[in-house]
There are 2 protein chains.
Amino acid sequence: MPTRTAGQRRAEAKVAYDAYLDQCPSRQLLARISDKWVTLIICALGEHETTMRYSELARRIPGVSQKMLTQTLRTLERDGLVARTVTPSIPPRVDYELTPLGRSFLEPIQHVKCWAEHHMPEVDRARAAYDAARPE
Amino acid sequence: MPTRTAGQRRAEAKVAYDAYLDQCPSRQLLARISDKWVTLIICALGEHETTMRYSELARRIPGVSQKMLTQTLRTLERDGLVARTVTPSIPPRVDYELTPLGRSFLEPIQHVKCWAEHHMPEVDRARAAYDAARPE
DNA sequence: CCGTATCCTCCTAGATACTG
DNA sequence: CAGTATCTAGGAGGATACGG
């Protein structure tokens with residue numbers, strides 16, 4: 001006995017969520033993950049073979065404030081992309097790593113980061129051309 | 001006569017830009033393109049076979065304000081991802097389309113949007129579990 | 001070492017009104 | 001139709017100080 005009708009399964013297979021829609025939760029999720037710090041944290045954790053400590057992450061991502069690092073890690077943990085492990089030693093040790101869900105997001109977001117790094121020269125040329133055409 | 005030395009070419013082939021670095025222009029570019037409206041606009045233009053008018057885009061992306069739509073389109077145009085064509089008729093007609101550079105960004109960003117749409121249920125479950133573990 | 005709490009300052013982005 | 005201009009509120013995010 002199926003838990004869903006054929007029609008329901010068909011609808012889900014197509015699109016259960018639509019980020020174009022204003023009130024769709026997937027748009028809010030898109031807004032959350034469309035973030036500089038999210039991208040860099042996920043990529044940093046994804047590159048590393050083992051877990052990463054808080055201070056390691058901070059060093060890997062120069063310029064991130066303590067507040068933004070902690071805050072972003074918390075939301076990523078709550079959203080199930082990052083796992084946080086506390087070792088109650090003195091001094092305390094906290095390790096972060098990607099969950100399976102987080103790893104499923106790694107490839108997409110890595111491509112975005114790489115795109116930015118690889119196409120910077122073209123963007124620079126486009127900006128120069130745009131600005132040159134509109135003097136003053 | 002080469003315009004760059006072998007060493008310079010090698011360095012560029014590896015990584016000319018590094019988004020992890022605080023002052024690297026590619027991080028600023030990453031910050032720009034890590035944006036809800038950028039994602040939705042690029043995806044909308046990418047789905048469409050022909051060009052899209054301003055009002056078409058506005059309809060495709062419910063909830064976007066006139067200001068954000070115009071502003072985002074301008075920066076995308078300046079960065080060379082979007083081409084803007086004005087037809088001076090009455091009433092005036094303005095068409096937008098992806099440039100080749102913009103199309104090169106379409107696949108990466110589409111995957112991010114799709115990821116959000118497809119993994120929303122798992123994120124929801126993770127949030128519920130997180131919140132349940134921290135009553136109050 | 002890894003945070004939390006507080007303050008405080010921008011800057012973003014929405015609302016509104018007006019124009020070629 | 002497709003914008004521009006102006007105002008303003010709210011939140012994002014940095015700096016700082018303190019705690020387990």
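Just so it is clear, the structure is predicted and the values come from calculations on it, not from any experiment. Every chain is numbered from 1 and lettered A, B, ... according to where its sequence line falls, protein lines coming before strand lines. The basis for the numbers below is simple: all heavy atoms, side chains too, and nothing from hydrogens, waters or symmetry mates.
Atom CD of A:E107 has 12 or fewer heavy atoms from other residues, nucleotides or ligands within 6.0 Å.
Side-chain atoms of A:E56 come within 3.5 Å of backbone atoms of A:R53 as a donor-acceptor pair (strictly under, hydrogens ignored).
The separation between A:M68 atom CE and D:dG13 atom P is 4 Å, rounded to whole Å. Atom pair A:R32:CZ and D:dG13:C1' shows a separation of 14 Å (rounding to whole Å applied). What separates NZ of B:K67 from P of D:dA5 is a distance of 12 Å, to the nearest Å. C:dC1 atom P lies 7 Å from atom CZ of A:R53, rounded to whole Å. Between A:M52 atom CE and C:dC2 atom P the separation is 12 Å, expressed in whole Å. C:dA13 atom P lies 7 Å from atom CD of B:Q71, rounded to whole Å. Spacing between atom CG of A:L69 and atom P of D:dA12 amounts to 17 Å, rounded to whole angstrom units. Taking atom CD1 of residue A:I90 and atom C1' of nucleotide D:dG20, one finds them 9 Å apart after rounding to whole Å.
One finds a side-chain N or O of A:Y96 lying less than 4.0 angstrom from the OP1 or OP2 phosphate oxygen of C:dG3. Checking the phosphate oxygens (OP1, OP2) of C:dC1, no side-chain nitrogen or oxygen of A:S89 falls inside 4.0 Å. In this model, the phosphate group of D:dA2 is not approached by any side-chain N or O of B:R84 to a distance below 4.0 Å at OP1 or OP2. Neither OP1 nor OP2 of D:dT4 sits under 4.0 Å from any side-chain N or O of B:Y54. Phosphate contact (OP1/OP2 of C:dC2, side-chain N/O of A:T70, threshold under 4.0 Å): absent.
Each of A:Q66 and A:W37 has a nearest nucleotide on DNA chain D; the 5'-most of these lies closest to A:W37.
Side-chain atoms of B:T70 and B:Y54 form a donor-acceptor pair, as typed in the model, at a separation below 3.5 Å.
B:Y20 does not carry B:R27 over the face of its six-membered ring by the limits of under 6.0 Å from the centre and within 45° of the normal. In this structure, B:R103 forms no cation-pi arrangement with B:F105, as its terminal cationic atom is not both closer than 6.0 Å to the ring centre and no more than 45° off the ring axis.
The listed nucleotides are C:dG14, C:dC1, C:dG3; the one nearest the side chain of A:P92 is C:dC1.
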